[in-house]
Amino acid sequence: MARTLQKNIRVTPEQWKRIENAAKERGLTANRLLVELAMEALNRREWPRTEHEIRMLRSCMFTAQAMAHDMIAAGRDDEVEEIRRNISQVAPEWLGEAKEPSSNLANTSNILDDEA
């Protein structure tokens, strides 16, 4: 058996009862359930986490790319760049750092190529 540490946390009686009930349904002790849920939460902090979220992201990226092509064709390049700057501030790159937007959104590689 792995070496363990004893740590104390404070929960209300209602919270502990709910934890015990959930653990019982899963055939675990309440302590084991808390540890497993905490570790799962820490391991899943990165997004996207599931295949569904990945597919939704690809669909959104394809839609954004199509819209950018239409906007550029209509001579609205400056609006595309403004949108990219706003997005990069709200949703930074994967590594947690906002990067300068490329020269235009339409030049990004086709996200659907990954599906092939």
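Quick note: residue numbers are just sequence positions, from 1. All values reported here derive from a predicted model rather than from experimental measurement.
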Nearest-0.5 Å distance, [atom1] of residue [X] to [atom2] of residue [Y]:
X     : Y     : atom1 : atom2 : answer
Leu37 : Arg26 : CG    : CZ    : 6.5 Å
Met67 : Ile72 : CE    : CD1   : 12.0 Å
Arg18 : Gln15 : CZ    : CD    : 9.0 Å
Leu34 : Ile19 : CG    : CD1   : 4.5 Å

Does the side chain of [X] reach to within under 4.5 Å of the side chain of [Y], using non-hydrogen atoms?
X     : Y     : value
Glu81 : Asp77 : no
Arg76 : Val80 : no
Glu40 : Glu36 : no

What closest approach, in Å, do Ala23 and Leu33 show between heavy atoms, and which atom pair accounts for it?
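Result for this residue pair: N-CD2, 3.4 Å.
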Under a 4.0 Å threshold between the charged nitrogen and the carboxylate oxygen, would Arg55 count as salt-bridged to Glu51?
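Salt bridge flag = yes for Arg55 with Glu51.
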Verify the cluster assignment for Phe62 and Met56: are they in a single hydrophobic cluster under the rule of side-chain heavy atoms below 4.5 Å apart?
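No, it is not one cluster - the side chains of Phe62 and Met56 are not joined through contacts under 4.5 Å.
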